[in-house]
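Inspection log for the structure reproduced underneath, given as C-alpha cells.
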Protein chains: 2
Amino acid sequence: MGVLERVGTARAKPAKPAKLATLPLDTIIQEDCVAAMARLPDKSIDMIFADPPYNLQLGGDLFRPEGGRVDAVTDAWDRFDTFEIYDRFTRAWLKEARRILKDDGTIWVIGSYHNIFRVGTQIQDAGFWILNDIIWRKANPMPNFKGTRFTNAHETLIWASKAEKARYTFNYRAMKGLNDDVQMRSDWSLPICSGGERLKDEEGHKTHPTQKPESLLYRVLLAATKPGDVVLDPFFGTGTTGAVARRLGRRWIGIEREDAYVKAARARIAATLPLDESAMAVMPEKRSEPRVAFGLLVESGMVPPGTILTDAKRRWRVRVQVDGSLSGEGSQGSIHKLGAILQGAPSCNGWTFWHAEEMGALVPIDAMRQRHLAGMA
Amino acid sequence: MGVLERVGTARAKPAKPAKLATLPLDTIIQEDCVAAMARLPDKSIDMIFADPPYNLQLGGDLFRPEGGRVDAVTDAWDRFDTFEIYDRFTRAWLKEARRILKDDGTIWVIGSYHNIFRVGTQIQDAGFWILNDIIWRKANPMPNFKGTRFTNAHETLIWASKAEKARYTFNYRAMKGLNDDVQMRSDWSLPICSGGERLKDEEGHKTHPTQKPESLLYRVLLAATKPGDVVLDPFFGTGTTGAVARRLGRRWIGIEREDAYVKAARARIAATLPLDESAMAVMPEKRSEPRVAFGLLVESGMVPPGTILTDAKRRWRVRVQVDGSLSGEGSQGSIHKLGAILQGAPSCNGWTFWHAEEMGALVPIDAMRQRHLAGMA
DNA sequence: TCGGTGCGTGAATCTCGGA
DNA sequence: CTCCGAGATTCACGCACCG
C-alpha cells in the first residue's frame with residue numbers, strides 16, 4: 001500500500017459489518033453505497049458499473065439565447081467542497097468495489113472532465129489495470145450557448161480489470177458483430193437519453209437529472225459479461241443498469257439512497273421483459289458518424305489557406321482563409337453562406353458551387369472531399 | 001494545498017537558475033524540459049502545448065527519486081512507485097509551466113489512458129481550471145490485433161486556463177468556420193500522422209514514435225492563440241508544434257533533449273513556409289468588432305426617428321425615439337432592454353430581435369449596422 | 001395518413017469592459 | 001473590489017399540432 005493510501009486511511013477503522021450469506025440478486029438496496037457494498041461478500045461480483053456523482057461545480061443560472069433557463073444538475077448529492085473530499089469518497093467506494101469483485105471481474109466507471117481524471121487516478125492507485133478508456137460521443141449534446149468553449153459533446157468511461165494478468169470477459173465477436181463486422185473502437189456514437197425512454201414524473205419533470213441511455217449499458221453489458229453474470233451498480237439511480245441487465249439475461253444488484261429513484265427503478269425494471277434468446281444476438285443501432293467539414297480539408301493540407309476558388313463560370317473569385325471560411329468580393333463566410341450571398345440566393349451548396357483550378361481544369365471542391373473520404377477509409 | 005503537494009515537495013529546493021532576459025523565440029532549447037523552463041521568465045508565454053512521455057525508462061536518471069527506496073518490491077509497491085515517480089515528474093514540469101504562463105494563457109496536454117488521468121489530476125491540483133477535454137478520434141488507428149480489447153482509437157487532450165476567471169483566448173468564430181458553421185465539438189476526427197508528413201530517417205524508419213499530425217496542432221493553435229502569440233512546447237520531439245506555429249504566424253519555443261529529434265525538427269521547420277498574411281484572417285469575433293451604438297444609426301439618418309420596429313413575428317410594434325431608445329407597448333428603453341422586457345427574458349440582443357420593414361420585407365436592424373460598418377471601412 | 005412547422009430540452013464548471 | 005449595462009449566444013431530436 002502506498003503513500004496515498006496511508007494518508008487516506010489515517011483514522012479509526014469502523015467495526016466490520018456482518019456480511020450477507022447470499023447475494024441479494026435482482027434487488028435494490030436502499031442505502032449508502034459504501035455501507036451497502038461493505039455487507040457484500042468478497043469476490044462475488046462479475047462486473048461493476050458505476051456512475052458516481054461528477055462534482056460539476058456549476059456557477060449561477062445559465063440562460064439559453066432564446067431566454068430559457070438550463071435545467072442544471074444542482075442536486076445536493078453532486079456537491080463536494082474540495083477535490084480532497086471527492087477523492088476520499090472515491091477511494092472509499094473503489095476499495096469496497098475491489099474487494100467484492102471477482103478476480104476476473106471488471107469495473108466500468110463513467111464520468112466527465114470534472115471528475116474522471118481523479119477517478120482514473122484512484123483506479124490505478126487501487127491496483128486496477130485499465131483495459132480501455134471509452135468515449136461516449138453524444139450524437140445530440142447540449143450546445144455551448146455562450147460561445148466560450150468547445151461543445152462538451154462526450155463523456156468518458158474507464159474499463160479496468162483487477163490486475164494486469166486477470167482473465168476478464170470480453171466478447172470480441174459480439175462487439176464486432178454490433179459494428180458491421182469491423183472491430184469495435186474505443187469511441188462510441190450514441191444518442192443521449194430522451195424521448196419515451198426518459199423517465200418523467202406526473203408533472204412531466206425528468207425523474208433523474210442524468211439518466212443514461214439503455215444503448216450505452218447494452219453495449220457495456222454485452223461486451224464484458226456473460227448471460228447469468230452478476231452486475232452491481234452502486235449508483236443505481238433510476239436503474240438503467242438493472243433494466244438492461246434483465247433484458248440481456250444478466251443478474252443485477254442496485255444500490256441507491258434516494259427514495260424517488262428507487263421507486264422509479266423498481267417500476268421500470270418490473271416492466272422490462274427479458275429478451276428472447278434468439279433476439280439477443282442482434283440489436284439494431286443508430287449510426288451517426290461525424291460529417292466532413294470543409295475546414296477539415298484546410299487543416300489536413302488538402303486545400304491550403306490562400307487557395308483561390310471560383311464558381312464554375314468564374315464570375316466570382318474568393319480566397320480560402322485559415323479557418324476554412326472564404327473571403328473576397330467584399331464578404332467573408334462559409335462555403336455555403338458566401339455562395340448564397342454572391343448569388344443573392346437563400347441557400348447554396350458550397351461543395352458543388354465552388355471550384356479550384358487543378359492542372360488547368362476547374363474541379364468542384366466536392367471532388368476533394370470525396371478524395372479525403374477515400375483516404376480515410 | 002493538498003496532501004499530494006506536501007508529499008511531493010518533501011526535499012531540498014535547488015538553487016534558483018538565472019532567468020533569461022529575453023525569450024529565445026523560434027528556437028529549440030536542447031535540454032531537460034524542467035531545467036529549460038526554469039530559465040524562462042515569469043508570465044511570458046501565451047500558450048503551452050505539451051505531449052509528455054508516459055513510457056518512462058524507470059532506470060534512467062531523470063525520474064528516479066533520490067534515495068530511500070524500498071527493496072521489497074511487491075507488485076503493488078512496484079506499481080505505486082512507478083506512478084509516484086511519474087506524478088512527481090508531472091508536478092515538476094507543470095509547476096514551471098504554470099509559472100511561465102501568462103495569467104490569461106492556456107495549457108494543452110495530450111495523453112492516453114496510461115497517463116492522462118494522472119496528468120489531469122495534477123493539472124487540477126496545481127490550480128488550473130479545465131476548459132474542455134478534447135477527444136482526438138483517430139480516423140485510421142492501429143487495430144487491436146489480439147482481439148482482447150476495444151481498438152484504442154483516440155487520444156485525450158486537456159485544455160485549461162490558469163484560473164476560473166481568466167480571460168483566455170478562444171477563437172469561437174474561427175472554430176465554427178472550420179466546422180461548416182456549426183459549433184466545434186469536443187470530439188475531433190483527424191487522421192493519424194502518416195504518408196509524406198511522417199518524418200523518416202535514411203533507412204526509412206520513423207524518426208519519432210509518436211509524431212502528431214499537423215492538422216491536430218493546426219486546430220489547437222487556431223483555436224487558442226492569436227497571430228504573434230508565443231507558443232511553448234516543452235516536449236518538442238520532431239517539432240510539429242513549431243512547424244504549424246510558423247505556418248500560422250505564431251512565435252514558438254521548443255524544448256527537446258534528443259539530438260536526433262532536434263536535428264529533424266530544425267530541418268523540418270526551416271522548410272516550412274509561413275502562410276500569406278491575407279489568408280490568415282479568420283472569421284472575426286463579434287465582440288472584438290467596433291461597437292456601433294444604435295443611436296449612431298439614428299443620428300446618421302440611416303434609421304429616422306419615428307421608424308416603426310417589430311420583432312420577426314410582428315408580435316410587438318415600437319417606435320424609434322430621437323435619442324435611439326424605443327417606445328411602445330407600454331414601455332420605453334434601449335433596443336436590448338425593451339426586447340428583454342417584452343419577452344420576459346433576462347436579456348435580449350436587440351440587434352437581431354428588432355426588424356424594420358424595407359421594401360415589403362422585415363430586415364433585422366443588425367443588417368443596418370453591418371451596412372454602416374461597411375460604409376466606414 | 002402524411003409532411004411541414006414549431007416548441008421543448010439535454011451531466012454546463014457558459015461575457016466583458018468601464019465606472 | 002463590485003456594480004451596471006451593452007450585447008453576444010444554440011444543435012439535434014422527439015413530439016405535438018396543423019393543414
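Order of the sequence lines fixes the chain letters, A, B, ..., with proteins taken first and strands second; residue numbering starts at 1 for each chain.
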Pick the C1' atom in D:dC13 and in C:dT13, then give their distance to the nearest Å. 25 Å
Describe the nucleic acid contact of B:D133 in one word from base, sugar-phosphate, nothing, applying a heavy-atom distance below 4.0 Å. nothing
Any sub-3.5 Å donor-acceptor pair from A:D51's side-chain atoms to A:V109's backbone N or O? no
How would you label the contact of A:T210 with the nucleic acid (heavy atoms, under 4.0 Å): base, sugar-phosphate, or nothing? base
Tell me what B:K313 touches on the nucleic acid: a base, only sugar-phosphate, or nothing, going by heavy atoms under 4.0 Å. sugar-phosphate
C1' gap between D:dT10 and C:dT9, integer Å: 11 Å
Which whole number of Å gives the distance between the P atom of D:dA8 and that of C:dA11? 30 Å
When we call it a touch if two heavy atoms are under 4.0 Å apart, what does B:Y172 touch: a base, just sugar-phosphate, or nothing? sugar-phosphate
Just checking A:D81: does its CG atom have more than 12 heavy atoms from other residues, nucleotides or ligands closer to it than 6.0 angstrom? no
DNA chain D nearest-nucleotide lookup for A:P141 and A:S194: closer to the 5′ end is A:P141
Between P of D:dG7 and CG of B:N349, the distance in whole Å: 8 Å
Need one value for B:R369: base, sugar-phosphate or nothing, where a base atom within 4.0 Å counts as base even if backbone is also close, heavy atoms only. sugar-phosphate
Between C1' of D:dT9 and CG of B:D181, the distance in whole Å: 14 Å
Taking B:I130's backbone N and O only, do any of them form a donor-acceptor pair with B:E164's side chain (distance below 3.5 Å, no angle check)? no
Have a look at B:S347 and say if it touches a base, only the backbone sugar-phosphate, or nothing, with a 4.0 Å heavy-atom cut-off. base
Can you build the contact string for nucleotides 12-19 of chain C? Use B for base contact, S for sugar-phosphate-only contact, and - for no protein heavy atom under 4.0 Å. BBBS-S--
Does D:dA6 have OP1 or OP2 under 4.0 Å away from a side-chain N or O of B:H336? no
Specify the separation, in whole Å, of atom CZ of A:R137 and atom P of D:dC11. 14 Å
Using a heavy-atom cut-off of 4.0 Å across all strands, would you classify A:P52 as base, sugar-phosphate, or nothing? base
base_contact_polar (D:dA8 base, B:T352 side chain, donor-acceptor, <3.5 Å): no
Quick check: do A:T156 and A:S112 have side-chain heavy atoms less than 4.5 Å from each other? no
Could you state the atom-to-atom distance from CG of B:N171 to P of D:dT9 in whole Å? 13 Å
Secondary-structure notation, DNA chain C, from Watson-Crick and G-U pairs under 3.5 angstrom (| other strand): .|||||||||....|||||
For the residue pair B:H355 / B:T310, report whether a side-chain donor-acceptor contact shorter than 3.5 Å exists. no
Using a heavy-atom cut-off of 4.0 Å across all strands, would you classify B:G350 as base, sugar-phosphate, or nothing? nothing
Name the one of B:L296, B:I365, B:L297 that satisfies side chain to side chain contact (heavy atoms under 4.5 Å, CB included) with B:V303? B:L297
Polar side-chain atom of B:D180 near backbone of A:F294 as donor-acceptor pair, under 3.5 Å: yes
Name the orientation of the base relative to the sugar in C:dT13: syn if the glycosidic angle is within 90° of 0, else anti. syn
Over-ring placement of B:R137 relative to B:W188, 6.0 Å and 45° cut-offs: no
Shortest non-hydrogen pair, A:N115 vs A:G111, comes out as OD1-CA, 3.5 Å
Would the B:W159 and B:F170 ring centres measure less than 6.0 Å apart? yes
Taking D:dT9, D:dC11, C:dG10 as options, the one with an atom nearest any side-chain atom of A:K206 is C:dG10
Can you measure from CZ (A:F89) to CZ (A:F80) and round to the nearest 0.5 angstrom? 4.5 Å
Roughly how many Å is it from CZ in A:F150 to P in D:dT9, rounded to a whole number? 16 Å
Using a 4.0 Å heavy-atom cut-off, does B:K176 contact any base of the nucleic acid, only the sugar-phosphate backbone, or nothing at all? sugar-phosphate
What is the distance from CD of A:E66 to C1' of D:dG7, rounded to the nearest Å? 17 Å
Rounded to whole Å, CD of A:E197 lies from C1' of D:dC15 at a distance of 16 Å
Closest-nucleotide 5' rank along DNA chain D - winner of B:K286 and B:R185: B:K286
Are A:W77 and A:H208 an aromatic pair by the rule of ring centers under 6.0 Å? yes
So, B:S186 side chain and B:I134 main chain: donor-acceptor pair closer than 3.5 Å or not? no
Starting at NE2 of A:H205 and ending at P of C:dG10, how long is that distance when rounded to a whole Å? 10 Å
Under 3.5 Å, side chain of A:T151 to main-chain N/O of A:P143, donor-acceptor pair present? no
Listed in order of residue number, which residues of residues 315-332 of chain B have a non-hydrogen atom at under 4.0 Å from DNA chain C? none
Which of these nucleotides, D:dG7, C:dA11, D:dA6, is closest to any side-chain atom of B:S334? D:dA6
Heavy atoms only, 4.0 Å cut-off, all strands: where does A:C193 land among base, sugar-phosphate and nothing? nothing
